[in-house]
Amino acid sequence: MSFTPQYNLLDELKWRGLFHQDTPGAEELLNTQQVTGYIGFDPTADSLHVGNLVPIMLLMHLQRSGHKPVALVGGATGMVGDPSGKKAERVLLDKNTLDKNLRGIENQLRRFLDFDGDCAASLVNNYDWFQNFTFLDFIRDVGKHITVNYMMAKDSVKNRIESGISFTEFSYQLVQGYDFCHLYKNHDCRLQMGGSDQWGNIVTGTELIRRIEGGEAHAVTAPLLTKSDGSKFGKSEGGNVWLDLNRTSAYKFYQFWLNAADDEAGKLIRIFTFLDQNTIENLETEHAVAPHLRLLQKRLAEEVTTMVHSQEALNTAIAASEILFGKSTSEDLRSLGESDFLDVFEGVDQSEMEGVTGMNIVDLLADSGFLASKSEAKRELKGNSISVNKEKVDELFQIEESALINGKYILLQKGKKNYFIVKVKS
RNA sequence: GGGGAGAUACCAGAGCGGUCAAAUGGGACGGACUGUAAAUCCGUUGCUUCGGCUACGUAGGUUCGAAUCCUACUCUCCCCA
């Protein structure tokens with residue numbers, strides 16, 4: 001049986017900056033056979049965040065190049081805790097939280113992969129094969145094949161020898177390693193991918209496959225994403241940027257990408273979109289000529305928002321951005337119908353209040369919950385940073401009936417980027 | 001077990017009887033400039049009914065007055081065994 005991939009996966013990952021290292025022979029395998037490869041996702045929250053998008057892209061590329069992706073959710077490994085990259089022991093999640101997290105993550109993963117056809121993806125949960133695996137069986141059948149010396153040599157363990165590591169987290173690599181072994185045996189899975197911090201865990205898996213099954217399996221890792229200023233990727237002022245619309249609105253999601261720094265945008269657009277090399281290089285050329293137009297960031301934000309959410313979500317996000325950051329005025333705001341207004345500000349924090357007319361701006365800012373205290377409200381007002389319905393106001397400003405948009409909304413703003421909506425109860 | 005040093009705002013770190021809501025730097029937020037950038041410059045960074053009120057590890061004490069002095073406790077770090 002002959003197999004030709006749609007494209008050379010590793011070459012593709014390399015020019016996109018998604019390649020860190022692989023095991024010898026991985027490339028040949030991928031170019032001559034259809035390979036089933038997997039990546040595991042930790043159920044640490046009930047939603048994935050933009051950082052998880054990197055492994056998702058890896059799976060999507062795997063599938064697009066003609067191979068079969070398996071997304072694994074860590075119902076079992078999530079109970080243990082991966083020490084990789086962690087400075088201290090983690091708190092264990094309870095079963096209920098774990099279940100909720102697993103369901104949330106599974107639903108999100110489905111969106112990115114095609115579960116039909118020749119390259120049909122599958123979704124597995126390692127709890128399924130671990131739940132009836134007894135401790136004694138595990139240490140006899142799996143633990144016997146790996147020495148403690150071997151396990152201690154891993155960076156994830158070595159880095160914790162000084163500060164301490166529980167037996168639980170120490171065992172983690174064996175549990176994950178066995179996943180690979182199980183998938184090898186039952187799904188003919190011969191590749192595991194992941195971030196470069198997963199290298200140690202993955203190699204424990206290939207080692208187990210060699211010793212238990214006498215087989216050969218491979219690893220491909222992607223570099224860990226860091227921002228050029230050294231801060232963690234995927235955080236914005238408001239914390240993590242999630243894929244769940246209830247946690248991070250389409251508007252905020254779009255803004256996250258739009259705000260990418262110039263020297264990051266080229267890197268990010270390679271990693272997080274499927275645009276080809278030519279298109280990206282042209283965009284970069286255009287961007288270099290007119291950086292203020294930020295074509296690169298706009299295209300990046302459009303592509304990713306559409307991929308993760310939808311075209312409609314993108315449209316809303318763009319509309320909201322135009323209103324919030326364009327040269328829109330108080331009049332533009334008032335010309336919006338109520339449903340448009342709500343759509344535009346869908347992702348903006350809001351609160352409900354009554355008896356707002358006649359209220360002083362200081363009280364409104366503090367009582368609505370937009371600012372923490374009246375002192376802060378006064379401070380910001382003195383600093384000329386507060387706008388009501390897009391017009392700067394001072395400390396003496398009173399809320400009039402005419403300030404209500406559509407008879408019930410007031411748009412508060414601190415600086416350029418912080419918005420808040422007060423919904424007036426009548 | 002013995003000896004020593006320390007605990008100050010988001011972080012680092014001064015202050016060592018009143019003039020301390022607490023220097024300075026970083027961070028954060030805001031303003032100017034700009035491209036919803038970077039760099040730069042400027043401002044702000046405990047609460048308040050604007051009378052005050054709470055705050056310098058915790059609890060007491062000395063004093064007209066304490067972040068500063070005393071006592072106990074808790075925790076952290078260092079050295080020796």
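Here is how names work: the chains are called A, B, and so on, in the same order as the sequence lines, proteins then strands, and each is numbered from 1.
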Using OP1 and OP2 only, check whether a side-chain N or O of [X] sits under 4.0 Å from [N].
X: A:Arg294; N: B:U34; value: no
X: A:Asn384; N: B:A32; value: no
X: A:Lys374; N: B:U49; value: yes
X: A:Lys416; N: B:G35; value: no
X: A:Ser375; N: B:G46; value: no
X: A:Ser373; N: B:U48; value: yes
X: A:Lys392; N: B:G31; value: yes

Quick one: on RNA chain B, does A:Glu380 or A:His292 contact a more 5' nucleotide (nearest heavy atom)? A:Glu380
Return the 5'-most residue of the pair A:Gln255, A:Ser385 with respect to RNA chain B, ranking by each residue's nearest nucleotide. A:Ser385
Taking atom [atom1] in both [N] and [M], compute the distance separating them and give it to the nearest angstrom.
N: B:U54; M: B:C80; atom1: P; result: 47 Å
N: B:G4; M: B:U8; atom1: P; result: 22 Å
N: B:U74; M: B:A59; atom1: P; result: 15 Å
N: B:A12; M: B:C73; atom1: C1'; result: 28 Å
N: B:C78; M: B:G61; atom1: P; result: 35 Å
N: B:G57; M: B:G6; atom1: P; result: 13 Å
N: B:C70; M: B:U24; atom1: P; result: 29 Å
N: B:G13; M: B:G3; atom1: P; result: 27 Å

Is it true that atom NZ of A:Lys423 has more than 12 heavy atoms of other residues, nucleotides or ligands lying nearer than 6.0 Å? no
Ignoring hydrogens and angles, state whether a donor on the side chain of A:Thr279 or A:Asp276 is under 3.5 Å from an acceptor on the partner side chain. yes
Does a donor on one side chain and an acceptor on the other come within less than 3.5 Å for A:Gln198 and A:Asp82? yes
Value in whole Å for how far the [atom2] atom of [N] lies from [atom1] of [X]:
X: A:Arg379; N: B:C50; atom1: CZ; atom2: P; result: 18 Å
X: A:Glu264; N: B:A38; atom1: CD; atom2: P; result: 12 Å
X: A:Ile386; N: B:U44; atom1: CD1; atom2: P; result: 16 Å
X: A:Gln297; N: B:U36; atom1: CD; atom2: C1'; result: 11 Å
X: A:Lys414; N: B:G30; atom1: NZ; atom2: C1'; result: 7 Å
X: A:Leu365; N: B:C47; atom1: CG; atom2: P; result: 14 Å
X: A:Asn360; N: B:C50; atom1: CG; atom2: P; result: 13 Å
X: A:His287; N: B:A38; atom1: NE2; atom2: P; result: 13 Å

Base B:U45 to side chain A:Glu376, donor-acceptor N/O within 3.5 Å cut-off: no
Can you check whether A:Trp257 and A:Phe272 have ring centres sitting under 6.0 Å from each other? yes
Test A:Phe130 against every option in A:Asp179, A:Val80, A:Asn125 by the side chain to side chain contact (heavy atoms under 4.5 Å, CB included) rule and name the one that passes. A:Asp179
Stems involving RNA chain B: give each as a range paired with a range, ordered by first number, where a stem means at least three consecutive Watson-Crick or G-U wobble pairs under 3.5 Å. B:1-7 with B:74-80, B:10-12 with B:24-26, B:27-32 with B:40-45, B:57-61 with B:69-73
Describe the nucleic acid contact of A:Leu258 in one word from base, sugar-phosphate, nothing, applying a heavy-atom distance below 4.0 Å. base
With ring-ring contact (aromatic ring centres under 6.0 Å, His included) as the test, would you mind laying out the steps for A:Phe345 and A:Tyr409 before giving the verdict? CA-CA 11 Å; A:Phe345 294 110; A:Tyr409 302 105; 8.8 Å; no
Report the C-alpha separation of A:Trp15 and A:Ile280 in whole Å, then their side-chain angles, then the decisive distance to 0.1 Å, and conclude whether the side chain to side chain contact (heavy atoms under 4.5 Å, CB included) test is met. CA-CA 11 Å; A:Trp15 78 258; A:Ile280 291 176; 4.1 Å; yes
Between A:Arg247 and A:Asp46, does at least one N-O distance fall below 4.0 Å, as a salt bridge requires? yes
Should the pair A:Arg64 and A:Phe274 be classed as cation-pi, given the thresholds of under 6.0 Å to the six-membered ring centre and 45° from the axis? yes
Can B:G51 be described as syn, meaning its chi torsion is within 90° of 0, or is it anti? syn
